[in-house]
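Structure first, then comments.
What you see is a predicted model, and the numbers here were worked out from it, not measured in a lab.
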Amino acid sequence: MNIQHIPQIKHTESGNFFLLAGPCAIEGEEMALRIAEKLVGITDKLEIPYVFKGSFKKANRSRIDSFSGIGDEKALKILRKVSETFHIPTVTDIHTNEDADMAAQYVDVLQIPAFLVRQTDLVVAAANTGKVVNLKKGQFMSPESMKHAVQKVLDCNNENVMVTDRGTMFGYQDMIVDYRGIPTMQQYATTVLDVTHSLQQPNQTAGVTGGRPDMIETVAKAGIAVGVDGIFIETHFDPANAKSDGANMLHLDYFEGLMTKLVAIRKTVNSF
């Protein structure tokens, strides 16, 4: 997939990786616009092609009382406002076939969550909207098996598909990244590394997923060094009080420093 097919994406000739970043979930309009404004400023300065990420609802929850969203249409309208305000593309994840048509009216990229990437009807529903489709690699799947998920999108006459590695389950409560999978999946589609979800520590006894945000820079640097096409990072100005996945998000204050380092690494990699 040529990332130029993503509407409104900028800086595609810079030679940089592209970036999908934003909060885990849309908690409200003010927070979404605040995060987007900061990220747009950073990515424009560093000439990084950028897509704003925010989930309009969270269906994969450990506990029934976990935050799941502020209302589908309300959150999707906020994503549209982010796009219109900053002239940038947006991505959100979907969980049902009905979500595909609804979300496609508001965002540019439809994301299939890792737990659902083998759900053929869901993948086909996303592909049939004509939108760019981002397939998250199941943490239970091999990189090689992702070629079949990609083929489902291609068979719907939609060539705008990418895959995102988000780590592989290691035991019950940890995730690892096998960097050998990146060049493997690049044979099938444009490939992204989801840095923050790769550092999750799921299945905690409290029913709230933990994480290792102290390792975000390490995992991101390694991904750029091996030539991944894009980076996915969730960020928030107050991770400790974020309503979803705060334990593994990058604090917004640290975002520019990390991106500056990653751009320098990509420049070095490109020189070889």
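Geometric assessment of K77 against the ring of F56 yields a negative cation-pi assignment under the 6.0 Å and 45° thresholds. A cation-pi arrangement is present between R34 and F237, with the terminal nitrogen or guanidinium carbon under 6.0 Å from the aromatic centre and inside a 45° cone about the axis.
In this structure a side-chain-to-backbone donor-acceptor pair under 3.5 Å is missing from N158 to V132. A donor-acceptor pair is defined here as one N or O able to donate and one able to accept, closer than 3.5 Å; such a pair exists between the side chain of S198 and the backbone of G167. Side-chain N or O atoms of T164 include none that pairs as donor or acceptor with a backbone N or O of L193 at under 3.5 Å. Side-chain atoms of T191 never come within 3.5 Å of backbone atoms of V163 as a donor-acceptor pair (strictly under, hydrogens ignored). Side chain of K10 to backbone of H87: a donor-acceptor contact under 3.5 angstrom is found. Remark: side-chain polar atoms of T90 are not paired, donor with acceptor, to backbone N or O of V107 under 3.5 angstrom. With hydrogens and angles ignored, the 3.5 Å screen pairs a side-chain donor or acceptor of K131 with a backbone N or O of A104. Using a distance-only test at 3.5 Å, with no hydrogens or angles considered, no donor-acceptor pair links the side chain of N248 to the main chain of R212. With hydrogens and angles ignored, the 3.5 Å screen pairs no side-chain donor or acceptor of S145 with any backbone N or O of M141.
Linking ILVMFWY side-chain heavy atoms closer than 4.5 Å, directly or via other members, places I94 and L79 in a single hydrophobic cluster. Cluster membership for L135 and L20, using ILVMFWY side-chain heavy atoms within less than 4.5 angstrom, is not shared. Linking ILVMFWY residues whenever their side-chain heavy atoms come closer than 4.5 Å, directly or via other members, places I112 and V161 in the same cluster. No chain of hydrophobic side-chain contacts below 4.5 Å, direct or via other Ile, Leu, Val, Met, Phe, Trp or Tyr residues, connects V153 to M162. No path of Ile, Leu, Val, Met, Phe, Trp and Tyr side chains, each step under 4.5 Å between heavy atoms, connects I42 with V51, placing them in separate hydrophobic clusters.
Aromatic ring orientation, F140 versus F115: parallel (interplanar angle below 30°, classes split at 30° and 60°). Aromatic ring pairs are classed by plane angle as parallel below 30°, tilted from 30° to 60° and perpendicular above 60°; the pair Y50 and F52 is perpendicular.
Rounded to the nearest 0.5 angstrom, N2 CG and I6 CD1 are separated by 9.0 Å. Rounding to the nearest 0.5 angstrom, the gap separating the NZ atom in K81 from the CG atom in L33 is 6.0 Å.
The salt bridge (Lys or Arg N to Asp or Glu O under 4.0 Å) search around D178 returns R180, not counting sequence neighbours.
Side-chain contact, D229 with T190: no donor N or O sits under 3.5 Å from an acceptor N or O. Checked by atom type, the side-chain pair E13/Q4 shows a donor-acceptor distance below 3.5 Å. When only modelled atom types and interatomic distance are considered, K53 and T92 share no side-chain donor-acceptor pair under 3.5 Å. Of the N and O atoms on the side chains of H11 and D44, at least one donor lies less than 3.5 Å from an acceptor on the other residue.
In this structure, E73 places its CD atom where only 12 or fewer heavy-atom neighbours from other residues, nucleotides or ligands lie under 6.0 Å away. Residue-environment remark: CD (E37) stays at or below the threshold of 12 foreign heavy atoms within 6.0 Å. For F170, the CZ atom sits in a loose shell: 12 or fewer heavy atoms of surrounding residues, nucleotides or ligands are nearer than 6.0 Å.
Of all heavy-atom pairs spanning D108 and S83, the tightest one is OD2-OG, 4.3 Å. The shortest heavy-atom contact between P7 and P89 is O-CB, 3.1 Å. A100 and T129 get closest at one heavy-atom pair: O-CG2, 3.9 Å. For the residue pair L46 and M259, the shortest heavy atom distance occurs at CD1-CB, 3.5 Å. A pairwise comparison of heavy atoms in E159 and M1 identifies O-CB, 4.0 Å as the closest pair. Nearest heavy-atom pair, I231 versus F17, reported as atom, atom and distance to 0.1 Å: CG1-CD1, 4.2 Å.
With salt bridges taken as basic N to acidic carboxylate O contacts below 4.0 Å, none links K38 and E256. Using a cutoff of 4.0 Å between basic side-chain nitrogens and carboxylate oxygens, D194 and K137 are not scored as salt-bridged.
Of the candidates I35, I88, V40, I88 is the only one forming a side-chain contact (heavy atoms from CB on, under 4.5 Å) with V82.
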Begin from the C-alpha positions of D99 and K57 and carry the test salt bridge (charged side-chain N to carboxylate O under 4.0 Å, His left out) through to its verdict.
CA-CA 10 Å; D99 284 350; K57 68 178 175 183; 3.3 Å; yes
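Side chains of F18 and I48 form no contact here, defined as non-hydrogen atoms less than 4.5 Å apart.
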